[in-house]
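To start, the structure under review is shown below, and the notes come after it.
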Amino acid sequence: MSKKLEEMSLKEFWQLFPIFLVEHNKEWTQWYEKERRIILSLLPNKSIKRISHIGSTAILGIWAKNIVDILIEVNGRADLDIVKNILINNGWLCMNMNEARITLNKGYTEQGFAEKVFHLHIRIIGDNDELFFRDYLNEHKEIAKEYETLKLSIWKKFEHDRDGYTNAKTDFINKYTDLAKSEYEGRY
């Protein structure tokens, strides 16, 4: 009998859910749109300010983890809990939570990844650096390709270390997010 996801150590979790990259899949946008509609049908309109497709699956033409990231921006702290509780009651798993950010996942099973996997980032309005990074890379294809090259170069090294993988990308992401914020001042 396999362990429940909540009972796994981080090492066991990363073994079951390794980092893996695949070529860009045009269906990711459709996955996002369908999941967005489902999420919006569950949540009170007054709680949500914006819902967006973020992460590498939202950057056209680059390799990415086969996981669609979604950002929900809510009005305030109380809405974080409202949204989290509704989604947990509808099949999402809470993976991380603090005062201003909640991360939920869908598509993680005791046997590994499901066919469609989602990471849902619930934040207070304005905590949305990922939008700047996404748009900058979509508008600067050469930078998007540099990001893809970086990810491909660290993939195997951090295959079972999600934190290491994320940390190895941080300087690149911060550099271009900062550039985007200065270029797109007032956009979001």
*Using side-chain hydrogen bond (donor to acceptor under 3.5 Å, both in side chains) as the criterion, list what pairs up with Lys181, not counting sequence neighbours.*
Asp129
*Chi angles and distances behind the salt bridge (Lys or Arg N to Asp or Glu O under 4.0 Å) call for Lys145, Glu142*: CA-CA 5 Å; Lys145 283 300 180 185; Glu142 70 287 356; over 6 Å; no
_Could you tell me if Trp28 and Asn66 have a donor-acceptor pair between their side chains, going purely by distance under 3.5 Å?_
yes
_If only side-chain N and O atoms count, and only distance matters, is there a donor-acceptor pair under 3.5 Å linking His53 with Asp69?_
no
_Any carboxylate oxygen within less than 4.0 angstrom of a Lys/Arg side-chain nitrogen, looking at Glu130 and Arg50?_
no
*Does Phe13 have its ring centroid less than 6.0 Å away from the ring centroid of Phe17?*
yes
*Validation row, ring centre Phe132 to ring centre Tyr176 under 6.0 Å*: no
*Would you check, one step at a time, whether the test side chain to side chain contact (heavy atoms under 4.5 Å, CB included) holds for Tyr165 with Lys151?*
CA-CA 8 Å; Tyr165 179 77; Lys151 290 172 12 145; 3.6 Å; yes
Report the distance from atom [atom1] of [X] to atom [atom2] of [Y], rounding to the nearest 0.5 Å.
X	Y	atom1	atom2	answer
Arg123	Asp79	CZ	CG	16.0 Å
Phe118	Thr57	CZ	OG1	9.0 Å
Ile19	Phe158	CD1	CZ	10.0 Å

_Are more than 12 heavy atoms, taken from residues, nucleotides or ligands other than Lys141, located less than 6.0 Å from that residue's NZ atom?_
yes
*Pick one: which of Arg101, Lys49, Arg77 meets salt bridge (charged side-chain N to carboxylate O under 4.0 Å, His left out) with Asp127?*
Arg101
*Determine whether Lys84 and Leu104 make a side-chain contact, defined as any pair of heavy atoms from C-beta on separated by less than 4.5 Å.*
yes
